[in-house]
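What follows is one structure encoded as structure tokens, with my remarks underneath.
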There are 2 protein chains.
Amino acid sequence: MRLFAQSGYAAVSMRQIAREVGVQAGALYLYTPDKQSLLFDLMDQHMKDLLTAWQSREQANADSVIEQLECFVRFHIRFHLPRADEVFISYMELRNLTPENFDVIQIARGAYEEILHDILKAGQTDGTFKLVDPKIATFAIIAMLTGMNTWYRDEGRLSLEMVEEIYLDLVLSAAGTKD
Amino acid sequence: MRLFAQSGYAAVSMRQIAREVGVQAGALYLYTPDKQSLLFDLMDQHMKDLLTAWQSREQANADSVIEQLECFVRFHIRFHLPRADEVFISYMELRNLTPENFDVIQIARGAYEEILHDILKAGQTDGTFKLVDPKIATFAIIAMLTGMNTWYRDEGRLSLEMVEEIYLDLVLSAAGTKD
DNA sequence: CTAGCATTTGAACGATCGTTCATTTAATGT
DNA sequence: ACATTAAATGAACGATCGTTCAAATGCTAG
């Protein structure tokens with residue numbers, strides 16, 4: 001995972017991976033059928049972890065849509081930030097998946113986007129959110145949140161908690177809740 | 001450019017590039033010193049085009065910060081959307097640049113981000129934007145706008161003009177102008 | 001038509017790729 | 001201590017990589 005994130009799937013050789021785990025290249029094939037599976041399993045597990053983590057979070061079903069959106073934003077940040085390598089790989093290496101593997105990941109990604117989409121649609125329907133297009137807002141918000149991974153550093157100017165509040169404010173504003 | 005965008009720099013061979021332009025691999029070296037230069041020149045030209053295009057846009061200096069932000073958003077969308085391949089490469093292939101080439105691109109990228117940053121800071125200072133942190137808002141807005149490239153298709157549900165208005169609305173809201 | 005220059009070829013270089021497999025080494029059960 | 005199973009090696013496979021370069025080809029000026 002570290003090697004793929006650092007140099008990219010295509011640029012990392014099985015021999016480099018073997019060296020990193022202290023083994024000869026041939027031995028890797030006792031654990032994986034091929035290089036492609038290493039990439040797919042990494043991405044597939046990441047998406048499964050993501051969806052599972054969402055489903056098993058402390059859930060308050062009677063929440064207002066604003067609280068639901070707030071919950072989603074905080075969840076997204078807290079899940080993605082500590083997983084910089086997985087997230088990076090999952091976004092950058094999609095084209096190195098075989099078509100079948102690509103489809104699996106895309107479907108999981110769609111399921112995750114639908115979580116936010118449903119919240120935004122509900123908020124638009126009951127008038128809480130002043131949104132022109134919930135589908136586009138979904139893309140925009142997720143891109144905005146995930147983009148954090150490209151610049152956030154633990155030793156940076158702002159703490160995780162502060163960044164979380166700032167992004168929450170940006171998202172709630174974009175959704176049209178600030179009146 | 002098309003090959004790099006499609007398969008990634010590392011996965012494209014000089015022989016594939018040669019075949020695409022109808023020539024043998026050796027002949028490419030009459031036009032480029034090496035493969036790396038192909039990638040760098042592509043990205044460097046893209047960044048130069050971007051900054052030049054911004055500087056030479058029809059400029060109304062007395063604009064309000066809201067108009068400036070609106071101008072930036074429209075500019076970003078109109079510049080990036082028709083250049084899907086260049087943008088994709090410029091974001092995905094950064095790690096395949098040599099350190100010196102990487103620095104050149106990063107500096108140009110910083111210059112572009114500073115355009116938006118300056119607008120947001122000005123708007124925060126004069127009270128037009130209700131922003132907690134202009135620097136983070138800069139990252140968030142650019143990520144949000146650039147993310148459009150991953151899903152927008154010409155034959156899609158919405159026209160470029162409509163998408164532009166929707167994103168403009170999202171950005172202005174996020175900046176805190178909608179009261 | 002030819003001389004001279006520019007362009008392209010195609011073979012070759014050494015290196016590295018993902019993957020396989022006979023063989024060796026390590027661990028386990030009796 | 002030995003038989004058996006598991007794990008790992010390291011050499012080898014054919015393929016492909018970026019790059020070089022002598023030789024062949026195409027083009028232009030005289």
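Chain A is the first sequence line, chain B the second, and so forth, proteins listed ahead of strands; every chain is numbered from 1.
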Open item on the list: Aromatic contact between B:F79 and B:W54, with the criterion being ring centroids under 6.0 Å apart: yes or no?
Closed with: no
Task: 5′-ward residue of the pair A:S13/A:P33 relative to DNA chain C - done: A:S13
Open item on the list: I want to confirm an ordering. Mapping B:R15 and B:A25 to their closest nucleotides on DNA chain C, which one lands closer to the 5' end?
Closed with: B:A25
- [ ] Using a strict 4.0 Å threshold on nitrogen-to-oxygen distance, state whether A:R109 and A:E113 make a salt bridge.
- [x] no
Open item on the list: If I compare all heavy atoms of A:L172 with all of A:T177, which pair ends up nearest, and what's the gap?
Closed with: O-OG1, 3.0 Å
Open item on the list: Whether B:R78 and B:E161 form a salt bridge (side-chain N of Lys/Arg under 4.0 Å from carboxylate O of Asp/Glu) is what I want to check.
Closed with: no
TODO: With DNA chain D as reference, determine whether B:G26 or A:L30 sits nearer its 5' end, using the nearest nucleotide of each.
DONE: A:L30
Open item on the list: Measuring centre to centre across the rings, with the benzene-like ring taken for any Trp, is B:Y112 within less than 6.0 Å of B:H76?
Closed with: yes
Task: Integer-rounded Å distance: C:dC21 P and A:L28 CG - done: 17 Å
TODO: Could you identify which residues of residues 37-46 of chain B place a heavy atom less than 4.0 Å from some atom of DNA chain C, listed by residue number, or say none?
DONE: none
Open item on the list: Using a heavy-atom cut-off of 4.0 Å across all strands, would you classify B:V12 as base, sugar-phosphate, or nothing?
Closed with: sugar-phosphate
- [ ] On DNA chain D, reading 5' to 3', which nucleotide is the first and which the last to sit with an atom under 4.0 Å from a heavy atom of chain A, could you check?
- [x] D:dA7 to D:dA12
Task: A:E114 and A:K121 ion-paired at < 4.0 Å - done: no
Open item on the list: Ignoring hydrogens, what is the shortest heavy-atom contact between A:A10 and A:N96? Give both atom names and the distance.
Closed with: N-ND2, 4.5 Å
Counting only pairs under 3.5 Å, give me each side-chain donor-acceptor contact of residues 38-46 of chain B, with atom names and distances, residues two or more places apart or in other chains.
residue, atom, partner, partner atom, Å
B:D44, OD2, B:K48, NZ, 2.9
B:Q45, NE2, B:D49, OD1, 3.0

